[in-house]
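I have placed the structure first, in the form of structure tokens, so that the comments after it can refer back to it.
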Number of protein chains: 2
Amino acid sequence: MGRGGVSAKDVAKAAGVSRAAVSRAFTPGASISAETRKKVMKAADTLGYQVNHLARGLIRSETGIVALIAAELATPYRSALLAALSERLQEAGKVAMLINSDRSDDSVERALRQAISYRTDAAVVLSGMPKTELTETCLKNGMRLVLINRDEYREGSYLIRLDDRAAGRTAFATLAAAGCRRLALATSQAGTPSLSARRDGFRDAAAAAGVEIVEEATGPTSYETGLSIGTRLMSQTDRPDGVFCTTDLLALGVMDAARHRFGVRIPEDLSVIGFDDVPQASWESYDLTTFSQPVGEIADACVDWLTGDAMSGDPLQTSIPVQLAWRGSVRKNQPF
Amino acid sequence: MGRGGVSAKDVAKAAGVSRAAVSRAFTPGASISAETRKKVMKAADTLGYQVNHLARGLIRSETGIVALIAAELATPYRSALLAALSERLQEAGKVAMLINSDRSDDSVERALRQAISYRTDAAVVLSGMPKTELTETCLKNGMRLVLINRDEYREGSYLIRLDDRAAGRTAFATLAAAGCRRLALATSQAGTPSLSARRDGFRDAAAAAGVEIVEEATGPTSYETGLSIGTRLMSQTDRPDGVFCTTDLLALGVMDAARHRFGVRIPEDLSVIGFDDVPQASWESYDLTTFSQPVGEIADACVDWLTGDAMSGDPLQTSIPVQLAWRGSVRKNQPF
DNA sequence: CTGAAAGCGCTTACAG
DNA sequence: CTGAAAGCGCTTACAG
């Protein structure tokens with residue numbers, strides 16, 4: 001046994017077979033007799049042998065590693081998606097490499113290069129958008145690429161999208177139907193494709209209905225931003241009585257500002273709709289009506305495609321439906 | 001260029017040097033002339049060459065991969081720690097492999113085996129406790145082991161602990177000093193070392209003060225459990241007026257149950273102390289007084305040890321101090 | 001079904 | 001400083 005631990009050679013010697021035999025014993029479907037396999041497995045067990053995936057990955061075209069590239073890992077929604085993804089990946093026999101792309105602007109690119117270095121089977125991009133040039137390099141390296149909620153398309157990659165725009169429209173319709181008269185939209189300055197689409201859907205519907213809306217957009221996508229937006233909104237002389245927030249974190253902040261700083265009642269004085277359905281949205285202090293992002297379905301779609309045969313005729317895009325989770329932050333329309 | 005992408009051979013040919021030279025160009029401190037290195041780098045750049053870490057890992061004793069083994073990835077505290085860890089690891093030039101150990105009881109062991117398969121430089125265990133036998137195998141394979149907040153010790157591994165027990169005692173003292181008379185302890189049935197230590201500290205202090213306390217312990221460590229514990233606590237004829245929850249999630253649930261289901265005022269009627277200082281604890285709806293887990297410091301200690309020289313004389317254990325974050329959920333003692 | 005041999009992409013003594 | 005050669009641990013045609 002060398003410094004690298006137990007190797008196939010050790011097992012081969014112990015089992016009295018060739019190195020090739022032990023390799024075959026660990027390869028499902030390889031041509032090996034049941035008896036030989038049994039001998040090998042026994043020796044492997046006593047020696048504590050584990051196939052070296054590094055060496056295997058060097059030969060085979062797959063390493064079993066999938067890179068997960070994301071920013072703001074600790075955010076409720078992001079961490080839920082990451083958890084679902086890593087779990088599904090494991091069930092499929094893969095392993096997740098987590099790459100934080102928080103830092104600089106080029107960090108998605110750096111992350112992708114990192115993935116190439118380890119010859120990951122695939123990269124799943126949750127944040128940011130790599131340059132076409134680089135994604136082509138990935139594809140050329142035999143790597144699969146999944147883009148979750150990105151707006152641009154990249155030849156050969158798989159796109160998973162939610163209908164954010166439709167949700168924005170639904171938010172408007174819901175608030176209008178609840179009898180809200182002065183509508184507001186709260187979003188951050190992050191400018192991600194998802195947030196923009198939600199905003200645009202809301203705007204579109206408002207324009208179509210000939211309704212003027214107030215818009216607030218500042219800072220990062222956080223609770224604190226929601227707090228300051230809520231404060232600004234409630235400080236207006238003509239306070240809005242309905243607000244769509246492009247994210248739950250924002251909505252929760254808006255609610256807290258309205259309630260605790262202005263004594264505004266929800267939903268009596270103000271109706272609020274969020275997006276994501278993070279766990280906190282259903283907590284009793286909030287009871288927020290929001291669009292639920294089906295994290296499990298997204299993860300399933302992703303892993304299915306990654307482990308599937310990916311026939312070239314297959315569609316390279318999937319749309320996951322979002323649903324409005326009705327709770328108590330939107331008032332019921334008064335019956336006349 | 002083979003199927004595996006651009007290799008050192010391709011770069012060597014393009015730069016007119018040997019394969020060894022390109023290897024040296026990518027090895028800091030290797031004996032190579034500045035001129036040769038420049039030629040290699042240029043060729044590598046145009047060809048888009050990335051050192052294959054799989055192959056490199058096969059030769060060198062390090063792969064640059066660190067396995068992060070944890071359960072309940074999407075929980076606020078856990079995801080914050082994971083985010084800090086992955087960020088620090090990246091800054092140190094390492095990369096994180098995320099292994100979810102949610103599933104079965106043996107999943108920590110499976111995770112460790114997975115880590116061995118990929119010859120990770122180290123494994124950081126955040127949840128569960130692997131058998132001694134297996135940790136020895138890891139160590140024998142040259143893998144370093146970090147255990148965060150585990151109670152048992154494993155020869156050769158590095159332990160990072162918080163003084164949970166002291167925090168439990170402080171919680172008691174704080175509640176007592178606030179003038180609370182009927183004290184309760186709320187915890188889950190998870191039975192992790194950290195939770196038990198916090199509970200024991202609280203119990204000890206109460207016993208030392210000759211004070212009887214009410215204890216509630218059920219379910220998983222979640223907001224929902226907090227809700228049901230809060231409900232049970234407030235349903236008692238002699239309601240407690242001070243409660244220490246071993247986790248913020250539990251505390252938040254207790255607060256919501258008390259306020260929304262029983263109209264109990266916090267802190268006037270009930271003082272609450274949590275543990276973790278998750279982001280939600282400081283949200284305006286809660287303003288929870290809690291012990292802050294210094295996630296950044298934990299991550300720093302972990303990565304420092306992993307990347308350090310680990311002289312055999314070094315202490316293999318570090319205690320990170322926890323601090324009480326004073327907020328509004330504990331009443332100020334009435335001046336006499 | 002089985003083993004000897006070649007090769008994946010890299011690094012590292014070994015000579016020069 | 002530089003290149004030819006050996007070797008890391010594995011898999012996979014190739015014969016038998």
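Throughout, a chain's letter reflects where its sequence line sits, starting with A, and its residues are numbered from 1.
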For B:Asn52 and C:dG7, give me the distance from atom CG to atom C1', rounded to whole Å. 14 Å
For DNA chain C, the dot-bracket notation using Watson-Crick and G-U wobble pairs below 3.5 Å, [ ] for pseudoknot-type crossings and | for other-strand pairs, is |||.||||||||.|||
Quick one: side chains of residues 14-28 of chain B, donor-acceptor pairs under 3.5 Å with protein atoms, not counting sequence neighbours, listed by atom name and distance.
{"unit_1": "B:Ser18", "atom_1": "OG", "unit_2": "B:Ala20", "atom_2": "N", "d": "3.4"}
{"unit_1": "B:Ser18", "atom_1": "OG", "unit_2": "B:Ala21", "atom_2": "N", "d": "3.2"}
{"unit_1": "B:Thr27", "atom_1": "OG1", "unit_2": "B:Ser23", "atom_2": "O", "d": "2.9"}

Partner set under side chain to side chain contact (heavy atoms under 4.5 Å, CB included) for B:Ser117, not counting sequence neighbours: A:Gln50, A:His53
Ignoring backbone atoms, test whether B:Ser18 places a side-chain nitrogen or oxygen under 4.0 Å from the OP1 or OP2 oxygen of D:dG3. yes
Partner residues of B:Glu152 under the salt bridge (Lys or Arg N to Asp or Glu O under 4.0 Å) criterion, sequence neighbours left out: B:Arg154
A:Asn141 CG to C:dC8 P, in whole Å, measures 16 Å
Separation of atom CD in B:Glu62 from atom P in C:dC10, rounded to whole Å: 17 Å
Just by protein heavy atoms under 4.0 Å, how would nucleotides 11-16 of chain C read 5' to 3' in B, S and -? BBB---
Name all residues meeting the salt bridge (Lys or Arg N to Asp or Glu O under 4.0 Å) criterion together with A:Arg88; count only those two or more places apart in sequence or in a different chain, and write none if there are none. A:Asp300
Separation between CZ of B:Arg161 and CZ of B:Arg150, rounded to the nearest 0.5 Å: 10.0 Å
When rounded to the nearest 0.5 Å, the distance separating NZ of A:Lys42 from CG of A:Asp45 is 10.5 Å
Checking A:Glu87 now: which residues fulfil side-chain hydrogen bond (donor to acceptor under 3.5 Å, both in side chains) with it, not counting sequence neighbours? B:Arg103
Got a list of side-chain donor-acceptor pairs under 3.5 Å for residues 93-102 of chain A, not counting sequence neighbours?
{"unit_1": "A:Lys94", "atom_1": "NZ", "unit_2": "A:Asp121", "atom_2": "OD2", "d": "3.0"}
{"unit_1": "A:Asn100", "atom_1": "OD1", "unit_2": "A:Asp102", "atom_2": "N", "d": "2.9"}
{"unit_1": "A:Ser101", "atom_1": "OG", "unit_2": "A:Ala70", "atom_2": "O", "d": "3.3"}
{"unit_1": "A:Asp102", "atom_1": "OD1", "unit_2": "A:Glu72", "atom_2": "N", "d": "2.8"}
{"unit_1": "A:Asp102", "atom_1": "OD2", "unit_2": "A:Glu72", "atom_2": "N", "d": "3.4"}

With A:Ser194 via side chain to side chain contact (heavy atoms under 4.5 Å, CB included) - residues at least two apart: A:Asn149, A:Asp164, A:Thr192, A:Arg198
Taking DNA chain C as the partner, which of residues 32-48 of chain A come within under 4.0 angstrom of it by heavy atom? A:Ile32, A:Ser33, A:Thr36
If the condition is salt bridge (Lys or Arg N to Asp or Glu O under 4.0 Å), which residues does B:Arg110 pass it with, not counting sequence neighbours? B:Asp106
Expressed in angstrom and rounded to an integer, what is the separation of A:Asp10 atom CG from D:dG9 atom P? 8 Å
To the nearest angstrom, how far is A:Lys9 atom NZ from C:dG3 atom P? 16 Å
Salt bridge (Lys or Arg N to Asp or Glu O under 4.0 Å) partners of A:Asp151, counting only residues at least two apart: none
Distance check needed: D:dC10 P versus A:Gln50 CD, whole Å only. 11 Å
note: B:Arg119, atom CZ; C:dG9, atom C1'; distance rounded to Å ~ 17 Å
